[in-house]
J.: 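Submitted below is the structure of interest, expressed as structure tokens.
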Amino acid sequence: MAQAVPGWGISVGLIVLGSILALITSVVVEYLRFRYSDRRSKRLIQELLKGEIPTIISIIGTLTDETEKLGYIPLTRINEISIARAGFDRNRDWLILFKEEGFRRDLHDFYLDLVRICSDAQGIEALVTQGQYTDYIKERRPQLVGKFRSLAATGQSLLTRLDAQ
């Protein structure tokens, strides 16, 4: 029969207790680091959107004014919009950090509609250079201007909802 070594029971118990405490501490530290990282990332994308969306709205305002004055959609403004939305395009994965599903969807749809309308505008102006479909172009430009204005209003609404996220 093996004899117990005096004091080993307490030592083994303390080692097991220390290991459990170390494990719990590691898990808690990792969880807190993860949560802090998410909050920091969320703040960063909120700040990016607070700068980017007003810029896009301003460019849309200039685009619609110039379109009415010039009679065509200025492609330089379309290019400015493409440049202005680059921050979102690079960081769209961060949308998951916003708690409200409806807001995430609306924000994604805003940027998706922005790409579509800009693409439509470029297509319309490309037809002009080819001298084709002039009646269609005259009908389509005011529709696109209306869509741009509607999109600007949507962007303004998103800005007011952004802080609640």
Side-chain angles (χ1 to χ4, degrees), residues 9-68 73-126 140-165:
I10 294 175
S11 296
V12 171
L14 289 176
I15 291 172
V16 170
L17 179 62
S19 298
I20 291 171
L21 287 174
L23 176 65
I24 290 171
T25 302
S26 296
V27 168
V28 168
V29 166
E30 284 302 312
Y31 174 76
L32 291 175
R33 197 166 64 175
F34 177 74
R35 293 281 298 172
Y36 175 75
S37 174
D38 276 359
R39 272 187 276 178
R40 183 175 180 272
S41 297
K42 184 177 174 183
R43 266 196 321 268
L44 289 173
I45 193 160
Q46 281 177 316
E47 292 304 315
L48 177 125
L49 293 172
K50 284 179 183 179
E52 195 169 271
I53 293 174
T55 301
I56 291 168
I57 292 169
S58 174
I59 295 169
I60 288 173
T62 304
L63 179 140
T64 57
D65 291 345
E66 288 179 356
T67 300
E68 289 175 354
I73 299 171
L75 294 179
T76 55
R77 301 297 172 230
I78 299 296
N79 291 334
E80 287 177 9
I81 290 171
S82 296
I83 292 167
R85 72 166 202 272
F88 174 81
D89 291 342
R90 283 190 310 269
N91 298 297
R92 74 179 61 213
D93 294 340
W94 287 1
L95 284 182
I96 62 169
L97 298 175
F98 294 120
K99 60 185 172 189
E100 186 187 333
E101 168 101 23
F103 178 78
R104 291 192 307 258
R105 184 188 61 249
D106 292 347
L107 186 61
H108 181 267
D109 290 349
F110 169 78
Y111 277 94
L112 188 61
D113 289 345
L114 189 62
V115 171
R116 286 180 187 149
I117 295 170
C118 286
S119 179
D120 285 352
Q122 286 176 325
I124 289 294
E125 296 308 321
R140 189 76 176 117
R141 274 187 188 135
Q143 292 172 354
L144 287 173
V145 168
K147 285 184 178 183
F148 273 116
R149 284 191 175 119
S150 174
L151 199 58
T154 300
Q156 195 62 48
S157 169
L158 288 170
L159 278 175
T160 59
R161 293 170 54 197
L162 185 61
D163 286 329
Q165 297 299 310

J.: Kindly write out the residues that satisfy ring-ring contact (aromatic ring centres under 6.0 Å, His included) with Phe110, not counting sequence neighbours, or none if the list is empty.
T.: none
J.: For the side chain of Thr154 and the backbone of Ser150, is there at least one donor-acceptor N/O pair under 3.5 Å apart?
T.: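 Yes: the side chain of Thr154 pairs with the backbone of Ser150.
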J.: Of all the heavy-atom pairs spanning Ala121 and Leu75, show the shortest one and how long it is.
T.: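 What the structure gives for the nearest pair is O-CD2, 4.4 Å.
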J.: Can you tell me how far the CG atom of Leu159 sits from the CD atom of Gln156, to the nearest 0.5 Å?
T.: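 Output value for this atom pair is 5.5 Å.
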J.: Which pairs with one or both residues in residues 20-31 pass salt bridge (Lys or Arg N to Asp or Glu O under 4.0 Å), sequence neighbours excluded?
T.: Glu30-Arg33
J.: Quick one: list whatever passes side chain to side chain donor-acceptor pair (under 3.5 Å) with Asp106, sequence neighbours left out.
T.: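 So Asp106 forms a side chain to side chain donor-acceptor pair (under 3.5 Å) with Arg161.
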J.: Taking atom CD1 of Ile78 and atom CG of Leu63, what is their separation to the nearest 0.5 Å?
T.: 5.0 Å
J.: Does Arg105 have any salt bridge (Lys or Arg N to Asp or Glu O under 4.0 Å) partners at least two apart in sequence or in another chain, and if so, which?
T.: none
J.: Kindly state each residue pair satisfying salt bridge (Lys or Arg N to Asp or Glu O under 4.0 Å) with at least one member in residues 143-160, sequence neighbours excluded.
T.: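 Output for this query lists Glu68-Arg149.
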J.: What residues, two or more places apart in sequence or in another chain, satisfy side chain to side chain donor-acceptor pair (under 3.5 Å) together with Gln46?
T.: none
J.: Would you sort out whether Thr67 and Leu144 count as a side-chain contact (heavy atoms from CB on, under 4.5 Å), showing the intermediate values?
T.: CA-CA 10 Å; Thr67 300; Leu144 287 173; over 6 Å; no
J.: Sequence neighbours left out, what pairs pass salt bridge (Lys or Arg N to Asp or Glu O under 4.0 Å) with at least one residue falling in residues 115-124?
T.: Asp113-Arg116, Asp120-Arg140
J.: Hey, does Leu49 have a side-chain heavy atom less than 4.5 Å from the side chain of Leu107?
T.: yes
J.: Would you say Gln165's side chain and Glu100's backbone share a donor-acceptor pair under 3.5 angstrom?
T.: yes
J.: Can you measure from CG (Leu114) to CG (Asp109) and round to the nearest 0.5 angstrom?
T.: 12.0 Å
J.: Tell me, with the steps shown, if Phe103 and Leu95 meet side-chain contact (heavy atoms from CB on, under 4.5 Å).
T.: CA-CA 9 Å; Phe103 178 78; Leu95 284 182; 5.9 Å; no
J.: Can you give the donor-acceptor pairs under 3.5 Å from side chains of residues 51-59 to other protein atoms, not counting sequence neighbours?
T.:
unit_1: Glu52; atom_1: OE1; unit_2: Gly87; atom_2: N; d: 3.0
unit_1: Glu52; atom_1: OE1; unit_2: Phe88; atom_2: N; d: 3.2
unit_1: Glu52; atom_1: OE2; unit_2: Phe88; atom_2: N; d: 3.2
unit_1: Glu52; atom_1: OE2; unit_2: Tyr111; atom_2: OH; d: 2.6
unit_1: Thr55; atom_1: OG1; unit_2: Gly51; atom_2: O; d: 2.8

J.: Using side chain to side chain contact (heavy atoms under 4.5 Å, CB included) as the criterion, list what pairs up with Ile96, not counting sequence neighbours.
T.: none
J.: Output the distance between atom CG (Leu162) and atom CD1 (Ile45), rounded to the nearest 0.5 Å.
T.: 9.0 Å
J.: Quick one: pull up CD1 in Ile60 and CG in Leu151 and give me the separation to the nearest 0.5 Å.
T.: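 Going from CD1 on Ile60 over to CG on Leu151, the span is 4.5 Å.
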J.: Between side-chain atoms of residues 19-29 and protein atoms elsewhere (two or more places apart, or another chain), which donor-acceptor pairs fall under 3.5 Å?
T.:
unit_1: Ser19; atom_1: OG; unit_2: Ile15; atom_2: O; d: 3.0
unit_1: Thr25; atom_1: OG1; unit_2: Leu21; atom_2: O; d: 2.7
unit_1: Ser26; atom_1: OG; unit_2: Ala22; atom_2: O; d: 3.0

J.: Provide the full list of side-chain hydrogen bond (donor to acceptor under 3.5 Å, both in side chains) pairs with a residue in residues 79-89, sequence neighbours left out, each pair given once.
T.: Arg77-Glu80, Ser82-Arg85, Arg85-Asp89, Asp89-Arg92
J.: Could you go step by step and tell me if Leu48 and Trp94 meet the side-chain contact (heavy atoms from CB on, under 4.5 Å) rule?
T.: CA-CA 11 Å; Leu48 177 125; Trp94 287 1; over 6 Å; no
